[in-house]
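See structure below.
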Amino acid sequence: MKKRWISYPYLLWMIIFIIVPLILVLCFSIFISTDNGLQFSLNNYKRFMEPLYLKVLWRSVVLAGISTIICLILGYPVAMILASKQMSKKSFLLFLCILPMWMNFLLRTYAWMTLLEKNGFINKILSFFGIGPFQLLYNNAAVILGMVYNFIPFMILPIYSVMKKIDPSVIEAAEDLGANQITVFKKIIFPLSLPGVFSGISMVFMPAVTTFVIPRLLGGGQFMLIGNLIERQFLLSGDWNFGSAVSIVMMIIILISMAIISKYDKEHEGGQLW
Amino acid sequence: MKKFKISAFLLIVMLSISILSGCSQNNEKVLNVYNWGDYIDESVLKGFEDEYGIKVNYDTYATNEDMYIKIKSGGSSYDVIFPSDYMIERMIKENLLQKIDLNNIPNYELIDEQFKNLDYDPNNEYSVPYMWGTVGILYNKTMVDEPVDSWDILWDEKYSGQILMLDSQRDSIGVALKKLGFSLNTRDVNELEQAKQALIEQKPLVLAYVGDEVKDKMIGEEAALAVVWSGDAVACKRENPNLEYVIPKEGSNLWFDAMAIPASAQNKEAAEMFINYLCDTGIAYKNTDYIGYSTPHTKAKEMLDEELLNDIAAYPQPEDISNCEIFYDLGEFITEYDRVWTEIMAQ
């Protein structure tokens, strides 16, 4: 503990840029300015409980949930292939998974816009085969596609890092005892990879449920998600109080889901976030 | 001892950085310009830098409300902004703008008299007109057979999934208000609710609520009909001759964008130089030619093509805009518009 002072700058950083803003957001959400100065009020939270806004919340959770499930279904086999010991050129594949993340997130999303357009690349190819054109852009599917595409590396990497650490002798032992491939997967690999799955789920779900750029660009602003609602309060309406209240509700939901996940993930193996 | 050395080293680094950055601030004048996206020929900025030796930091915004919030919340220091009529009125009321010394802007006399002393700035103390125009429907003649002359076509189910609306609350609510025969500046909650219902009804037909992308979408024939600002219509028609612009018969919005200096500006002198520079005939022509909006500049207008001068999108005749209204600042009532727009978008 001699080197403790090394952590002080980091602590200071956290206080200035994380703790203080969080307290400010909380204050904005529970105080409203009236003629008699600041007054405590839960009106902003009450307003969020209107069916209209709950619908926005529900829509965000559903879309983010679907995206997370798709990421898991697509990402798990990829992580398994990457971690399997027979795999040569493993680092190259891993590199391919991470490569898109080197490019700016906005640019990649804009690129999808031009691909999905009515006169875009995909419809051009389809029309070559005499099908279409389809309206691929500006619907729920486009938003989900954008989320899956942008966040899938966050699913693959934690699962991969957990699987890589599974001791091969455990699998060999199971095989020696007569388990076939399916049983090995069911009884050994999958349970041991669960910590990675849980942190993958939370690392995909959290950014997906709060994103506002993807629904704006690929959803055409029609599918207002919770992130858009918050953005709108801060940037357009200037209603910081309501925006803060929505942010706090969102944070509470994320904290609860994190708590549930960490309850299942007792070993803390999957590249922990907390 | 080691700890002391490290802190001393850090201190020296920090001091030298602060001294160096102090230097650069003294030697180089900087002008912070905050403009609408795609609303200037950017080579003009370079021209200003070269001529006056002042570095221009150029940022853009998508709606008046974006800009207002950023100025209002402080923390940013812009020297020149380009608000629209109702926003100028609101910002004057809230002391967010400072007076412009017109003596420093000799080119001001080149601005057409009819654009001076308008209601939003009665004595023309705070703003210098930059561009003006209307809001209307841009449509693709190959995709729409019937004549377009009314906002009602944006509610026609035949064009489901082919309509683009503006992601800008006063403009889009304004479209619905005009369609229903109300004023764009209504303060009647009942009328506003009817407009809201109309826009909610329309929502399934709308392909997307867009900002500046509307130009790319219409040029690329992604949609048949779009609500656009007139200058964007001119720019689109230039790229795609199938497009046509119309000001609906129910009337629409007539707007003016002007240059203004926020009260928080750090460099008023350079701001006035910049405003004067943009009012220079050659520069005003260059900007008008590039962005396609209608110029209030008398000499720049004379330099334009005959064809453009006869284009209703660029220079509408008085009878085309007889039903048009200018936006007024609605004061506190604007929160009702905020609420209605949020409710429409959250549906």
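By convention in this document, chain letters (A, B, ...) are assigned in the order of the sequence lines, proteins followed by strands, and residues within each chain are numbered from 1. Worth saying up front: this structure is predicted, and the values here are computed from it rather than measured.
The greatest number of non-hydrogen atom pairs below 4.5 Å with chain B, out of A:Gln135, A:Gln222, A:Glu50, is found for A:Gln222. Each of B:Gln169, B:Lys70, B:Lys203, B:Lys217 has some count of heavy-atom pairs under 4.5 Å with chain A, and the biggest count is that of B:Lys217. Contact tally against chain A (heavy-atom pairs below 4.5 Å) for B:Val206, B:Ile344, B:Val210, B:Asn64: the top residue is B:Val206.
Contact annotation for residues 137-152 of chain A against chain B (heavy-atom separation below 4.5 Å, listed by residue number): A:Leu137, A:Tyr138. Among residues 54-65 of chain A, the residues having any heavy atom closer than 4.5 Å to a heavy atom of chain B are, in sequence order, A:Lys55, A:Val56, A:Arg59. Scanning residues 100-117 of chain A against chain B with a 4.5 Å heavy-atom cutoff picks out A:Met113, A:Glu117, ordered by number. Inspection of non-hydrogen atoms places A:Leu229, A:Arg232, A:Gln233, A:Phe234, A:Leu235 of residues 226-235 of chain A under 4.5 Å from chain B.
For chain A, the nearby parts of B:Thr342 are the backbone and the side chain; heavy atoms of each come within less than 4.5 Å. Residue contact with chain A, scored on non-hydrogen atoms closer than 4.5 Å, involves the side chain of B:Ser73 exclusively. Both the backbone and the side chain of B:Asp66 come within contact range of chain A, with heavy atoms under 4.5 Å apart.
The neighbour count for A:Phe128 CZ, taken as heavy atoms of other residues, nucleotides or ligands under 6.0 Å away, does not exceed 12. Around CH2 of B:Trp155, the count of heavy atoms belonging to other residues, nucleotides or ligands within 6.0 Å exceeds 12.
Remark: A:Leu52 CG to B:Met345 CE distance equals 12.0 Å, nearest 0.5 Å.
In terms of modelled atom types and a separation under 3.5 Å, the side chain of B:Glu222 and the main chain of A:Asn119 share a donor-acceptor contact.
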